[in-house]
Amino acid sequence: MRVEQLEIFLTVADHGSISRAAQQHFISQQGVSSIIKSLERDLGTKLFLRSASGLHLTDKGALLAKYAAAVVADHRRLMTLAASEFQIPSDPSDSAEILIMPFVASALDALFVDYESAVPGASLRIRERSLYNIVDDFSLGSPQAIAGTKSGRPPLRIVSIMNHMSTTVSKMDGAFEPLVISELMMGCSPSSPLATREYITREELCELPIAYYSEAFLNRMVGKLFKGMTPDIVCNTSNIDAVNRSIRNHGAVTFSDSFTGFLSRRSAMMALVPIRDSVFFVTGILGEVEPGSPEDRFAQFLRRYLRITCAPYMERYGSIIDPVVGRKSCEPAAGPEPAGPAPAAGPEPAAGPEPAAGPEPVAGPAPADPALKD
């Protein structure tokens, strides 16, 4: 029994769905079913029962979930501590200054929480600016960015770019360090019939009501996704409550991305569905920070966190960085570039990551148990 198996078990329990768990963990539905059967065989008990609304824990399954959740949470804390290298701030009052795009700040929120919980006394001062504001200021020597810091040091700039943004990339002057690639995905209510889809096409999306947060970079990605098409956008506003109402009350779909989905994979608040011929983008660090500063320590943590805590995701997406975005990522490529979104279940277990980077079916590629299918 491995921690990765327990995490997959908990994801199935949270979502009541084999296919959703497979999607979240980048393995096949067959692989998830094999892991559940292996746990049931090892423990000598049935963990799930099927109903019209999905899979539900048995009484013994619920007891396992209680203890498994504690084990998984402790394991995540240990992985986060490993990524932080058990660092202790030299001056707890000295915060790391981070300048970041709103879209990226939302995606990395779980990572920020992990850092502050792993490093006693550490704090982050986070300011949001648009990609274009950050890049334009950087090209001028960062006068605005530095003037806005409490420390007077250059902040750590974290931005995302798409591979066709050549004008923006040229202003970065080769100083962009790509770290992780993501793809735009459709988000919907877990109860929606769309939630179990392996993927959705852009044409199908155009027929659905769409509501999403108005942010410059996200707006540009959506524009690229629907180039030459006419989507039914019913709500595009910075009022997140209005967006949520459209999703909750009017059945609208929205947008998120694959990396955000990975970081929040235990959450049952939203189902993410890959979009065929989607838009890919890269998140990374722009420019240098002062060596040994809180910004430098957080940047080092970020790189290790991606390598250690996000190993299954990095294995799936690798470092598929188009040369237009700058120098090669610090992470070696781990697999072929996805040619558009692969089926939601991800790669087959036989071709998947090694155990350290992600779970493999313990029982081998046996036929999926019909009782454990969605």
Separation between [atom1] of [X] and [atom2] of [Y], rounded to the nearest 0.5 Å:
X    : Y    : atom1 : atom2 : value
L302 : I285 : CG    : CD1   : 5.5 Å
E207 : R202 : CD    : CZ    : 13.5 Å
R220 : M162 : CZ    : CE    : 5.5 Å
M185 : I275 : CE    : CD1   : 8.5 Å
I134 : E128 : CD1   : CD    : 9.0 Å
E198 : Q29  : CD    : CD    : 6.5 Å

Between [X] and [Y], what is the shortest heavy-atom contact and its length?
X    : Y    : answer
I210 : P231 : CD1-CB, 4.1 Å
A242 : T237 : CB-CG2, 4.1 Å
L263 : A107 : CD1-O, 3.4 Å
A21  : V12  : CB-CG2, 3.4 Å
V234 : A252 : CG2-CB, 4.3 Å
L194 : I200 : CD2-CD1, 4.4 Å

Problem set entry | Sidechain N-carboxylate O distance under 4.0 Å for E177, R303 |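 Salt bridge between E177 and R303, a charged N being under 4.0 Å from a carboxylate O: yes.
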Could you verify whether a donor N or O on one side chain and an acceptor N or O on the other, from [X] and [Y], lie under 3.5 Å apart?
X    : Y    : result
S293 : D296 : no
Y115 : R297 : no
E215 : N219 : no
S33  : Q30  : no

Do [X] and [Y] share a hydrophobic cluster, counting only Ile, Leu, Val, Met, Phe, Trp and Tyr and linking them when any side-chain heavy atoms are less than 4.5 Å apart?
X    : Y    : value
I8   : L43  : yes
I100 : V113 : no
V253 : I233 : yes
L140 : Y132 : no
I146 : V289 : no

Taking the side chain as every heavy atom from C-beta outward, state whether [X] and [Y] have any pair of such atoms under 4.5 Å apart.
X    : Y    : value
F280 : S182 : no
D137 : P143 : yes
L218 : L184 : yes
V180 : F262 : no
E7   : H25  : yes
P190 : R20  : yes
P154 : S142 : no
H250 : P209 : no

Run the ring pair (Phe, Tyr, Trp, His ring centres under 6.0 Å) test on F9 and F48 for me, step by step, so that the C-alpha distance in whole Å, both residues' side-chain angles and the decisive distance to 0.1 Å come before the verdict. CA-CA 10 Å; F9 159 72; F48 290 98; 5.6 Å; yes
When you measure from the side chain of [X] to the backbone N and O of [Y], does any donor-acceptor pair fall under 3.5 Å?
X    : Y    : result
R50  : L55  : no
R197 : Y199 : yes
S246 : A211 : no

Run the side-chain contact (heavy atoms from CB on, under 4.5 Å) test against R127 and tell me which residues pass, sequence neighbours left out.
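R127 satisfies side-chain contact (heavy atoms from CB on, under 4.5 Å) with L99, R129, T149, P155 only.
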Q.
Would R276 and E204 count as a salt bridge (charged side-chain N to carboxylate O under 4.0 Å, His left out) here? Give the steps.
A. CA-CA 10 Å; R276 175 168 282 180; E204 290 173 316; over 6 Å; no
Working note: L124 + E97, criterion side chain to side chain contact (heavy atoms under 4.5 Å, CB included); need CA distance, chi angles, decisive distance, verdict. CA-CA 6 Å; L124 303 173; E97 306 268 4; over 6 Å; no
> Given a cutoff of under 4.5 Å between side-chain heavy atoms of I, L, V, M, F, W and Y, with clusters grown through shared members, what are the other residues clustered with Y67?
Replying inline: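 Same cluster as Y67: L63.
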Task: Transitive ILVMFWY cluster of Y213, excluding itself - 4.5 Å side-chain cut-off - done: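 ILVMFWY cluster around Y213 also holds I240, V243, I247.
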- Full working for side chain to side chain contact (heavy atoms under 4.5 Å, CB included) between F217 and V104: CA-CA 10 Å; F217 185 73; V104 184; over 6 Å; no
Output field: ring centroids F281/F103 closer than 6.0 Å:
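Yes, close enough.
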Original post:
Counting only heavy atoms not in D59, do more than 12 sit closer than 6.0 Å to its CG atom?
Top reply: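 Not more than 12 within 6.0 Å, no.
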Could you go through the side chain to side chain donor-acceptor pair (under 3.5 Å) check for D136 and S139 one step at a time? CA-CA 5 Å; D136 287 346; S139 69; 4.9 Å; no
*asked:* Is there a salt bridge (charged side-chain N to carboxylate O under 4.0 Å, His left out) between E295 and R153? Walk through the geometry before answering.
replied: CA-CA 9 Å; E295 295 77 28; R153 297 184 302 265; 2.8 Å; yes
Under 3.5 Å, sequence neighbours excluded: what are the donor-acceptor pairs made by side chains of residues 70-80?
unit_1 : atom_1 : unit_2 : atom_2 : d
D74    : OD1    : R77    : NH2    : 2.3
R76    : NE     : D114   : OD2    : 3.0
R76    : NH2    : D114   : OD2    : 2.8
R76    : NH2    : Y305   : OH     : 3.3
T80    : OG1    : R76    : O      : 2.8

* Just say parallel, tilted or perpendicular for the rings of Y317 and Y313, cut-offs at 30° and 60°. =>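 Y317 and Y313: parallel rings.
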- Task: With side chain to side chain contact (heavy atoms under 4.5 Å, CB included) as the test, would you mind laying out the steps for E183 and D257 before giving the verdict?
- Result: CA-CA 5 Å; E183 62 177 305; D257 69 277; over 6 Å; no
Tell me, with the steps shown, if L286 and M172 meet side chain to side chain contact (heavy atoms under 4.5 Å, CB included). CA-CA 7 Å; L286 174 61; M172 295 179 173; 3.8 Å; yes
Residues in ring-ring contact (aromatic ring centres under 6.0 Å, His included) with Y212, at least two apart?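 Per chain and number, Y212 pairs via ring-ring contact (aromatic ring centres under 6.0 Å, His included) with F255.
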Can you name the side chain to side chain donor-acceptor pair (under 3.5 Å) partners of S191, sequence neighbours left out?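 Here the qualifying residues are S189.
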